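Since the model is a prediction, treat every value here as computed from it, not as a measurement. Both backbone and side-chain heavy atoms feed into the values below; hydrogens, waters and symmetry mates do not.
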Amino acid sequence: MLYLNITRIATLRGIGNTTQFLIQNGFSRSIANRILKRADSYIKFSHIEKICLLLHCTPNDLLQWRPDAKMPVQPNEPLNALIHPQAQDLLNFLQNADINKLSLAFKEENKQQ
């Protein structure tokens, strides 16, 4: 199943209350709740664009895919790229990672840009 996981990227951006963040940035409470609770099977592209601009991300960062347990999935399935680690797992990794390795990786990334 393909769905929006806005809370994941918001957490990585240091936003604790995603609903309040969306409301403060122009979404109505009902729209914010529907988006975050995955109650909609559709979402306006303008909403996705606005969220991406607010969170400085792409739609791929917001989209998450959970394979159907009943249907086998090949390892090379392109949708596998949308299986993201949870935000808390990433935060824990960063908090416990070797600072020297992180610094080197950051420097290398900046050289390439």
- Take Leu4 and Leu63, measure what side-chain contact (heavy atoms from CB on, under 4.5 Å) needs, and give me the verdict at the end. CA-CA 5 Å; Leu4 282 179; Leu63 289 170; 3.8 Å; yes
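- Placement of Ile43 and Leu2 within a single hydrophobic cluster is found when ILVMFWY residues are connected by side-chain heavy-atom separations under 4.5 Å, directly or transitively.
- Counting heavy atoms from C-beta outward, Ile6 and Phe21 have side chains that stay 4.5 Å or more apart.
- Between the CG atom of Leu36 and the CG atom of Asn5 there is a distance of 9.5 Å, given to the nearest 0.5 Å.
- Here the closest non-hydrogen pair linking Arg13 and Leu55 is NE-O, 2.7 Å.
- Note: Ile48 CD1 to Leu53 CG = 12.0 Å, rounded to the nearest 0.5 Å.
- Residues passing the side chain to side chain contact (heavy atoms under 4.5 Å, CB included) test with Ile99, sequence neighbours excluded: Ser103.
- Side-chain atoms of Asn17 and Ile15, non-hydrogen and from C-beta on, never get closer than 4.5 Å to each other.
- Taken from CG in Leu54 to CG in Leu22, the straight-line distance is 7.5 Å, to the nearest 0.5 Å.
- Ile51 and Ile23 fall into different hydrophobic clusters, where Ile, Leu, Val, Met, Phe, Trp and Tyr residues are linked whenever their side-chain heavy atoms come under 4.5 Å apart, directly or through other members.
- Listed by first then second residue, pairs satisfying side-chain hydrogen bond (donor to acceptor under 3.5 Å, both in side chains) with a partner in residues 46-60 read Thr58-Asp61, not counting sequence neighbours.
- Going from atom CD of Gln20 over to atom CZ of Arg29 covers 6.0 Å, rounded to the nearest 0.5 Å.
- Atom OG1 of Thr19 sits about 13.0 Å away from atom CD1 of Ile31, to the nearest 0.5 Å.
- Smallest separation of non-hydrogen atoms from Cys52 and Pro59: SG-N, 3.5 Å.
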